[in-house]
Amino acid sequence: MEQQTLGGSFTLAGVGIHTGVHGRVTVSPAAVDTGRVFVVDGVTIPARIEFVTDTSRCTRLGRAGASVSTVEHLLSALHAFGVDNARITVEGAEIPILDGSAAPFAAAVQSVEVRGQGTPAQALHLTDPLEWTERGTRFTAQPAASLHLRVRTEFEEWASGTAETQAEVTPATGERYAQGIAPARTFAFQREVEMLIQAGLAKGGSLDNALIITPPDGYSSPLRLPEEWCAHKMLDLIGDLALLDARLNMRLFALRPGHRANVAFATALRAKSQLRRDQENRMDCLLDIEEIRALLPHRYPMLLVDRVLELTPGQRVVGLKNVTINEPFFQGHFPAQAIMPGVLIVEAMAQVAGLMILALPEQQGQLAYLAALDNVKFRKPVVPGDTLIIEANLIKIRGTIGKVKMVSRVAGSIVAECIMTFAMKRPDTSSADKVLAKLNDPNAAPFSSDANLTDEGDSNRV
């Protein structure tokens with residue numbers, strides 16, 4: 001299973017369903033391991049769950065003051081056709097709604113075709129079943145060789161609104177997606193339309209890009225698919241799961257899915273899955289220990305990063321720390337129960353984050369000072385024999401101050417996380433010059449510890 005990108009670029013334009021503002025999106029090929037990334041006002045926003053900023057009526061991504069809304073339909077089509085790497089340039093604050101479905105995006109992908117890139121794709125595997133429930137929504141995932149989806153919708157006030165649809169979604173079945181899922185339009189109940197307008201949403205909504213349902217059996221236009229509303233829920237779910245940035249191998253049942261629940265489940269799925277463990281087992285090494293030493297000023301016993309597995313300077317980094325019983329801190333923490341101190345886990349995270357910043361040419365040679373920690377949580381102990389996988393994603397940077405989201409995992413499970421603020425400062429390298437100047441200054445006070453001895457005193461010695 002190799003990574004894939006587009007064979008060419010395509011551009012689509014139209015109104016945003018929530019903002020009502022005309023926009024344009026251009027989707028282009030991208031290099032191996034780029035992932036699907038949005039570019040808004042010059043800011044790159046990776047299409048990953050850690051960059052989700054809102055899930056009200058759509059999925060919004062943001063980073064460094066830039067944001068883009070309604071990304072789910074485009075991501076759904078790209079993921080279904082196996083496009084792992086794509087550069088998505090957006091003009092405006094929202095992806096155009098077009099006809100309210102993913103069909104125009106699917107057709108555009110088919111028009112430029114998809115090409116392989118010769119490098120293995122990242123895959124997410126479940127080793128055990130996972131069930132996630134919250135307020136009437138339920139997700140049940142089972143290990144499988146590919147992605148099989150089954151979605152069930154239920155609307156309490158609409159008896160005939162209960163429906164179920166299922167599909168296999170792999171790059172090999174893109175045609176099936178284009179015919180059976182992509183045409184499903186976004187929908188709303190008639191009673192919701194006025195509420196959306198009052199909330200300042202749906203400014204670009206119309207009968208040309210949405211299906212309006214009036215129970216018990218009224219529709220604003222003929223259905224494109226049987227139980228089209230349920231198929232659209234599946235379409236959205238695929239788009240939100242695309243934020244895991246991996247091929248998904250599982251059999252998944254979703255009851256009453258929605259954007260907020262989809263993203264929350266995806267977060268739980270990543271923590272439970274074998275995605276990070278696969279990365280750990282492969283030990284793909286981008287920077288070895290000598291290259292790390294060239295960037296970081298830390299040395300034994302305070303250098304707490306052994307390898308860098310992934311690095312996008314100024315954006316994201318994944319580092320590895322092998323925890324062994326030979327660590328000096330285990331002598332006293334604790335003699336009868338060796339546990340890595342939480343403060344040293346934080347220090348290891350800070351060093352990994354520092355590598356992400358110090359890899360920028362303009363920041364090389366500086367020191368990264370820890371300025372603040374927020375929402376620090378230690379979830380599981382780290383013990384000898386563990387391999388700590390540390391992930392840092394930049395939230396924002398302004399001048400010499402930056403903020404980073406940190407997550408540390410062992411065998412795929414989160415052991416620690418925090419929001420870290422740091423300050424960059426160039427070290428004072430003039431100290432040696434000052435000492436030399438003082439030594440060469442005839443008027444400077446002597447450095448000898450026998451400063452009380454004078455020439456007269458010396459003359460009295462035998």
Side-chain angles (χ1 to χ4, degrees), residues 6 8-28 36-40 45 47 54-61 67-81 83 86-114 169 174-188 192-193 196-197 201-213 219-225 228-243 259 262:
L6 297 168
S9 300
F10 65 82
T11 299
L12 295 170
V15 69
I17 191 169
H18 295 301
T19 62
V21 176
H22 191 85
R24 180 188 302 269
V25 59
T26 299
V27 188
S28 306
R36 296 174 286 258
V37 297
F38 290 87
V39 181
V40 184
I45 309 174
D54 190 26
T55 52
S56 303
R57 307 298 301 193
C58 70
T59 300
R60 177 187 298 168
L61 304 177
S67 67
V68 57
S69 298
T70 321
V71 300
E72 58 271 14
H73 298 174
L74 172 56
L75 290 178
S76 180
L78 292 175
H79 184 78
F81 282 93
V83 179
R87 181 179 175 86
I88 307 163
T89 304
V90 182
E91 300 173 37
E94 189 176 7
I95 301 297
I97 192 63
L98 304 175
D99 72 345
S101 76
F105 298 114
V109 172
Q110 290 174 302
S111 70
V112 298
E113 299 184 339
V114 175
V169 184
E175 286 286 348
R176 204 176 305 171
Y177 170 88
Q179 296 172 8
I181 300 174
R185 294 163 291 177
T186 189
F187 67 93
E192 293 180 291
V193 173
L196 290 171
I197 294 174
L201 299 173
K203 293 179 180 178
S206 71
L207 297 182
D208 293 329
N209 55 38
L211 174 68
I212 307 302
I213 301 174
Y219 306 100
S220 57
S221 60
L223 297 181
R224 294 181 175 181
L225 299 170
E228 184 177 346
W229 62 92
C230 189
H232 188 81
K233 286 289 188 179
M234 178 177 283
L235 185 160
D236 282 347
L237 176 59
I238 295 169
D240 289 334
L241 291 179
L243 297 171
H259 293 302
N262 295 347

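Below, each value reflects all heavy atoms present in this structure, side chains not excepted, and no hydrogens, waters or symmetry copies.
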With a 4.5 Å heavy-atom cut-off, do [X] and [Y] have their side chains touching?
X    : Y    : result
F81  : L6   : no
I213 : Y219 : yes
V27  : V112 : no

Rounded at 0.5 Å granularity, tell me how far [atom1] in [X] sits from [atom2] in [Y].
X    : Y    : atom1 : atom2 : value
L61  : L243 : CG    : CG    : 6.0 Å
F38  : L75  : CZ    : CG    : 4.0 Å
L211 : S220 : CG    : OG    : 4.5 Å

**Asked** Considering all heavy atoms of both residues, which atom of L225 and which atom of G180 are nearest to each other, and what is their separation?
**Response**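 Heavy atoms only, the tightest pair is CD1-O, 3.3 Å.
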**Message:** Using every non-hydrogen atom in the two residues, find where A242 and R36 come nearest and quote the distance to one decimal.
**Reply:**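 Looking at all heavy atoms of both residues, the closest pair is O-NH2, 2.9 Å.
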**Message:** Using only atom types and a distance under 3.5 Å, with no angle test, would you say the side chain of D240 pairs donor to acceptor with the backbone of L237?
**Reply:**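 It does not hold such a pair.
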**Message:** Taking T55's backbone N and O only, do any of them form a donor-acceptor pair with N262's side chain (distance below 3.5 Å, no angle check)?
**Reply:**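 Flag not set: sc N262 to bb T55 has no pair under 3.5 Å.
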**Asked** Does the pair V25 and V68 meet the rule for a side-chain contact (heavy atoms from CB on, under 4.5 Å), with working shown?
**Response** CA-CA 11 Å; V25 59; V68 57; over 6 Å; no
**Results of side chain to side chain donor-acceptor pair (under 3.5 Å) for E91 - residues two or more places apart only** =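 Partners of E91 by the side chain to side chain donor-acceptor pair (under 3.5 Å) criterion come out as none, since no residue qualifies.
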**Item:** Residues forming a side chain to side chain contact (heavy atoms under 4.5 Å, CB included) with A13, sequence neighbours excluded
**Value:**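 Applying side chain to side chain contact (heavy atoms under 4.5 Å, CB included) to A13 gives H22, R24.
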**Prompt:** Got a sec, which residues hit side chain to side chain contact (heavy atoms under 4.5 Å, CB included) with S9, two or more places apart in sequence or on another chain?
**Reply:**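 Partners of S9 under the side chain to side chain contact (heavy atoms under 4.5 Å, CB included) test: S28, P29.
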**Request:** Carefully, step by step, assess V39 and R87 under the rule side-chain contact (heavy atoms from CB on, under 4.5 Å).
**Result:** CA-CA 7 Å; V39 181; R87 181 179 175 86; 3.6 Å; yes
**Request:** Could you tell me which residues satisfy salt bridge (Lys or Arg N to Asp or Glu O under 4.0 Å) with R60, sequence neighbours excluded, listed by chain and number?
**Result:**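 If we apply the salt bridge (Lys or Arg N to Asp or Glu O under 4.0 Å) test to R60, skipping adjacent residues, there are no hits.
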Hey, can you pull the donor-acceptor pairs under 3.5 Å for the side chains in residues 92-106, sequence neighbours left out?
unit_1 : atom_1 : unit_2 : atom_2 : d
E94    : OE1    : H18    : N      : 3.4
E94    : OE1    : T19    : N      : 3.0
E94    : OE1    : T19    : OG1    : 2.9
E94    : OE2    : I17    : N      : 3.3
E94    : OE2    : H18    : N      : 3.1
E94    : OE2    : T70    : OG1    : 2.8
D99    : OD1    : S101   : N      : 3.0
D99    : OD1    : S101   : OG     : 2.8
D99    : OD2    : S101   : OG     : 3.3
D99    : OD2    : R224   : NH1    : 2.9
D99    : OD2    : R224   : NH2    : 3.1
S101   : OG     : A103   : N      : 3.0
S101   : OG     : A182   : O      : 3.2

Please tabulate, for the side chains in residues 229-236, all donor-acceptor contacts under 3.5 angstrom to protein atoms that are two or more places apart in sequence or on a different chain.
unit_1 : atom_1 : unit_2 : atom_2 : d
W229   : NE1    : T153   : OG1    : 3.4
W229   : NE1    : G161   : O      : 3.2
H232   : ND1    : A184   : O      : 2.9
H232   : ND1    : R185   : O      : 3.2
H232   : ND1    : T186   : N      : 3.3
H232   : NE2    : H73    : NE2    : 3.4
H232   : NE2    : D236   : OD1    : 3.4
H232   : NE2    : D236   : OD2    : 3.4
K233   : NZ     : P257   : O      : 3.3
D236   : OD1    : H73    : NE2    : 3.4

